[in-house]
Amino acid sequence: MAYGYANMEKQRQRLPVYKYRTEILYLVENHATTIIVGETGSGKTTQIPQFLKEAGWAEGGRVIACTQPRRLAVQAVSARVAEEMGVNLGDEVGYTIRFEDHTTSMKLTSDLFQPTFYWKRQAPEGSTHGPKLEPAILSVEGRGFSVKIHYVEEPVSDYIRSVVSTILLINEREPPGDVLVFLTGQDDIETAIKLLAEEAHSNQKNSSGLLPLPLYSGLSRSEQELIFTPTPRGKRKISDIESLVVAPISKASARQRSGRAGRVRPGKCYRLYTEDYFLKQMPGEGIPEMQRSNLVSTVIQLKALGIDNILGFDWPAPPSPQAMIRALEVLYSLQILDDDAKLTSPTGFQVAELPLDPMISKMILASSELGCSDEIITIAAVLSIQSVWVIARGVQKEQDEAKLRFAAAEGDHVTFLNVYKGFLESKKSSQWCYKNFLNYQSMKKVVEIRDQLKRIARRLGITLKSCDGDMEAVRKAVTAGFFANACRLEPHSNGVYKTIRGSEEVYIHPSSVLFRVNPKWVVYQSIVSTERQYMRNVVTINPSWLTEVAPHFYQNRQNAMDL
DNA sequence: AGCGAACTA
């Protein structure tokens, strides 16, 4: 045991960031903000929180918070830090991710620490001492193992096939070691793994010893954790980590990825595009998160922190005025902000408490008055996950038939209630999910999220009440959140809808139970833009509800709504 | 008669 600790301590000291320990602590002491740019493998994520802890920053009830942009990274990093500190995960070192809390004593509002913006430590008004306001910047080099980069000579036509043949080639020619592959999505990951499995059957020489492992958020926790277990001798792991964007990645993220190969020893990186493409066409940097994402939630959080002048806010990467205006419009129409752009009470402050899309939060608040909060919280949980249905290729017909068993004439939201009811009646059976083409992991998540929403709702003074089958109340509550997404069917058209807000042409998504049913009036949850604009998760409404739940939004649009 | 990117609070 003692040997183990000594060994771990030696490992820690070998990390590049260790050399900067004193400097980092000095900067943090003397500057309100310290920015440390650390290359992959520098140890910044696991070590800096420990330096701060050792220097006393966690004393007196204070907490050292560390944010990560991915759930899996949060778990892996906190487990590693707990191990290095020799404590149980959840005691001194814990983590929270949305809908889960793995801390026993940490009391922190995790909402505060979003990766989209950082918070400045301010010196008290008028004080002459205390930390300097201008940020300190420090760069820390990586571990510096060399990574040899290979490019393809010609652009590849079928990138998944190229991935598979590259892996087989590596397996045949390279010394032992694992392979990390970046693919664009769950579908491609499963396809690649299937191709590798087929290869193992038909061509034993090239693919022997391959142990392909998938990694994406739709997997269960234990399936995801498999990638962290040591690889058996003579085997080679292949963990597929999906990339964030399908569009071409930037040079910066390509470099970051190749860095993963050199973390513990020299490595190789195979890029399935040409060097010419990398040098001449690939964009240098990606667009900052701030300028890509929907601002609505960020604006609510700033407002909740008491920052009213968001236009004057010192953004790390300022969003466009149009994006800002759009976010303010949505929040105003949801009555989360008032005429002075201040959070309304109680609605605005309640919405700021909920870790959900504001439209979903508003729907929950409305359900309390409409007497259907029990049903709406189930719907909110389903709308907060990706999909309850399994991704099933080649069994589309069977899946459609299964869906029909739950389909409700009122639309997808009511269908979700039927699905949830069936899952409970099956006693949360995985077999039942399998038979009905439902994703068991997703259904378990729905139950978990629902429990948490129930707790939050209680805190906000909403008591759970069922409307006992009154689906009009349920649809009205959905409308109260999503009225801005109201659409009307174009008369004599074949399923063409126009949004009331902007008269844009939209269609019901083929995965909706209302596809080809085409009711006259609907509201949708979100739009999927492909060849056409498709509405996802659609429910029928009575247009008179629009002026009822959102008079301020619709009173000037009467013309658009007249028949 | 027909879709499909993914991550997060």
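For A/M535 and B/dG2, the CE to C1' distance is 15 Å, given to the nearest whole Å. For the pair A/H509 NE2 and B/dG2 P, the interatomic distance rounds to 13 Å; values are reported in whole Å. Separating the CG atom of A/L514 from the P atom of B/dC3 is a distance of 18 Å, rounded to the nearest angstrom. One atom, CZ of A/R532, and another, C1' of B/dG4, lie 16 Å apart when rounded to the nearest Å. Rounded to whole angstrom, the span from the NZ atom of A/K397 across to the C1' atom of B/dA1 amounts to 14 Å. Following rounding to the nearest Å, A/F515 (CZ) and B/dG2 (C1') show an atom-to-atom distance of 5 Å. Here B/dG4 presents its P atom at 18 Å from CH2 of A/W389, a figure rounded to the nearest Å. Between the P atom of B/dA6 and the CG atom of A/N439 lies a distance of 13 Å, rounded to the nearest Å.
One finds a salt bridge joining A/D374 and A/R450 here, because a Lys/Arg side-chain nitrogen approaches an Asp/Glu carboxylate oxygen to under 4.0 Å. Checked for salt-bridge contact, A/R475 and A/E410 miss the test: no charged N lies under 4.0 Å from a carboxylate O.
For A/Q386, a side-chain nitrogen or oxygen approaches OP1 or OP2 of B/dC7 to under 4.0 Å.
Between the side chains of A/S512 and A/D412, at least one donor-acceptor pair of N or O atoms lies under 3.5 Å.
Checked by distance alone, A/D188 brings no side-chain donor or acceptor within 3.5 Å of a matching partner on the base of B/dG4.
A/N494 comes within contact range of no nucleotide atom at all, as no heavy-atom separation falls under 4.0 Å. Base engagement by A/R516 is indicated by at least one non-hydrogen atom pair under 4.0 Å involving a base atom.
The aromatic rings of A/Y534 and A/Y507 are tilted relative to each other, their planes meeting at an angle between 30° and 60°.
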